[in-house]
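Please read the structure below before turning to the comments.
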Number of protein chains: 2
Amino acid sequence: MERLPSAKIRDSLEQRIVDGELNNKQRLDENELSSFYGVSRTPVREALQRLTESGLAEHLPRRGTFVRSPSLGQLVEMFEVMTELECMAIRLAARRVTIKDIKVLEDDNEICREAVKANDTIKYYEVNSRLHNHIYKMSGNSFLANKTRRLHDRLRPFRRLQLRVRGRMTESMAEHDIILSALKAGDADSAVETMKKHIDIVGVRFNDLVSSFNSISDKNKR
Amino acid sequence: MERLPSAKIRDSLEQRIVDGELNNKQRLDENELSSFYGVSRTPVREALQRLTESGLAEHLPRRGTFVRSPSLGQLVEMFEVMTELECMAIRLAARRVTIKDIKVLEDDNEICREAVKANDTIKYYEVNSRLHNHIYKMSGNSFLANKTRRLHDRLRPFRRLQLRVRGRMTESMAEHDIILSALKAGDADSAVETMKKHIDIVGVRFNDLVSSFNSISDKNKR
DNA sequence: CATGACATTTTTGTATACAAAAAACTGAAC
DNA sequence: GTTCAGTTTTTTGTATACAAAAATGTCATG
């Protein structure tokens with residue numbers, strides 16, 4: 001099953017939007033993108049339709065398609081839902097966790113620990129994502145796993161910036177440790193509670209979120 | 001902001017899929033749809049891209065686009081997530097409910113009660129949807145409200161069939177009453193617990209779900 | 001200089017054209 | 001009758017063409 005140009009363009013644009021290369025409200029010019037990707041307008045338009053459907057872009061009939069980044073308010077809302085989904089996933093995962101799962105999680109967790117020592121936020125975030133994704137799958141609910149992963153991906157730049165807050169990476173690491181031992185002990189409640197603190201930047205570290213948001217939208221203005 | 005043909009076709013197809021007019025695995029033939037809607041393939045293809053992105057269709061490169069209805073297993077997963085989101089919405093709604101909200105909910109609830117008396121499941125489901133949707137909005141989290149409404153819509157045919165199970169409509173009505181009085185009394189926990197029972201067809205009425213599923217997929221085979 | 005009617009250019013949305021891949025058909029060999 | 005190479009037909013994906021709407025530019029009038 002080979003990938004089509006239109007699908008590759010869709011993914012490329014998604015990446016570029018999430019990474020902040022394409023700024024909020026920026027027009028996604030069909031002609032410009034066509035020449036950028038070396039194709040005609042047709043596959044570009046199909047990619048734009050898909051981005052619009054997934055919420056990363058906004059389409060105004062006969063006006064054009066524009067990057068649609070969340071406002072601070074929307075970001076707070078998204079984190080609130082993210083927290084709920086992550087907690088649901090860990091709750092379900094706790095009921096069906098296997099030795100093998102624990103092994104996989106612990107291996108990744110150790111890689112994270114090394115990244116903390118090396119103060120390597122990029123590496124930490126990468127492995128952290130993999131670890132969380134594994135928990136989603138462990139829930140046994142693939143619909144949930146999918147939705148959660150997609151939301152996780154969309155919040156990526158903000159979650160990543162969080163790690164640069166002083167002491168946050170160590171704190172995150174400690175939470176991972178608690179979650180893992182709770183899973184091992186079959187203590188679902190503790191796992192859920194810790195996960196809630198782990199994700200819920202809104203309740204616990206609202207100011208950090210605001211400054212991450214500002215730092216990203218400032219970057220966009222330049 | 002006038003609606004474009006491609007957008008109308010997208011919505012029409014969504015409706016036809018959810019309503020079961022277009023069956024699972026059925027090929028969404030571009031030429032056929034073009035002549036059906038009296039347009040060229042271009043807007044049809046754009047509509048199909050969007051349906052694929054939203055999960056209602058599946059696209060296999062160079063093979064075609066096919067209706068993608070959930071399997072029984074996926075349906076169970078979706079109801080599980082639906083329950084979580086509805087509970088989250090009512091929990092948040094309970095914290096910020098106003099007199100005006102209560103009034104709106106009670107009005108709709110009374111219309112529901114009349115529908116029960118008339119044994120009118122269609123009317124009941126219609127107003128019931130509006131009532132639930134109002135609760136989503138009351139959560140104050142529009143991101144959550146959107147996601148929840150969309151999932152609600154996708155589960156519509158199954159939720160609706162549920163109401164035809166003997167005694168289910170009366171039971172549903174009684175739960176609405178409890179949820180409303182809990183909201184009025186500011187008792188979030190009770191509202192959440194009742195909502196959980198209200199939605200969680202999987203835990204409580206799994207057999208009913210299986211038979212709804214079978215009745216829908218039987219219909220598709222004919 | 002501001003304003004607004006009119007013309008020009010650009011951009012969007014859809015139709016059509018065409019290349020290439022997949023599916024369907026044909027018919028010979030067994 | 002079955003199988004399979006070779007061909008034809010259909011379908012998909014992209015390019016191009018074109019109509020219509022929106023944006024932009026021009027310029028006379030006040």
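Every chain is numbered from 1 and lettered A, B, ... according to where its sequence line falls, protein lines coming before strand lines.
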Check the side chains of B:Thr98 and B:Asp101 for a donor-acceptor pair under 3.5 angstrom, ignoring hydrogens and angles.
yes
With DNA chain D as reference, determine whether A:Gly38 or A:Arg62 sits nearer its 5' end, using the nearest nucleotide of each.
A:Gly38
Measuring from the side chain of A:Arg63 (C-beta onward, heavy atoms only), which nucleotide among D:dA23, C:dT14, D:dT14 has the closest atom?
D:dA23
Starting at atom CG of A:Leu4, determine the distance to atom P of D:dT11, rounded to an integer number of angstrom.
18 Å
Name the closest nucleotide to the A:Val39 side chain, picking from D:dA22, C:dA15, D:dA15.
D:dA15
Interatomic distance where NZ belongs to B:Lys8 and P belongs to C:dG13 [whole Å]
14 Å
Report the nucleotide, chosen from D:dA23, C:dT11, D:dT14, that has the shortest atom-to-atom distance to any side-chain atom of A:Arg27.
C:dT11
Could you state the CG-C1' distance from A:Leu60 to C:dG13, rounded to the nearest angstrom?
15 Å
Does atom CZ (B:Arg63) have a neighbourhood of more than 12 heavy atoms from anything else shown, all under 6.0 Å?
no
B:Asn31 side chain: which of D:dT12, D:dT14, C:dT14 is closest?
D:dT12
Quick note, B:Arg45 side chain, CB onward, closest among C:dT11, D:dA17, D:dT12 is D:dT12
Nearest whole angstrom, please: distance from the P of D:dA15 to the CG of A:Leu33.
14 Å
As a quick check of understanding, evaluate side-chain hydrogen bond (donor to acceptor under 3.5 Å, both in side chains) for B:Gln49 and A:Glu46, giving each step before the final call.
CA-CA 7 Å; B:Gln49 297 272 349; A:Glu46 295 192 347; 2.7 Å; yes
Gap between atoms CG and P, on A:Leu28 and C:dT12 respectively (whole Å)
10 Å
Closest nucleotide among D:dG13, C:dT11, D:dT11 to the B:Asp29 side chain
D:dT11
Would you call the rings of A:His176 and A:Tyr124 parallel, tilted or perpendicular if under 30° counts as parallel and over 60° as perpendicular?
parallel
In whole angstroms, how far is the P atom of C:dT14 from the NE2 atom of A:His59?
8 Å
Whole-Å distance between C:dG13 C1' and A:Arg41 CZ?
7 Å
B:Glu30 has an atom CD; how far is it from atom C1' of C:dT14, in whole Å?
14 Å
Count the heavy atoms of every other residue, nucleotide or ligand shown that sit under 6.0 Å from CZ of A:Arg164, and state whether that count exceeds 12.
no
Considering only C:dT12, D:dT14, C:dA15, which nucleotide approaches the side chain of B:Ser40 most closely?
C:dA15
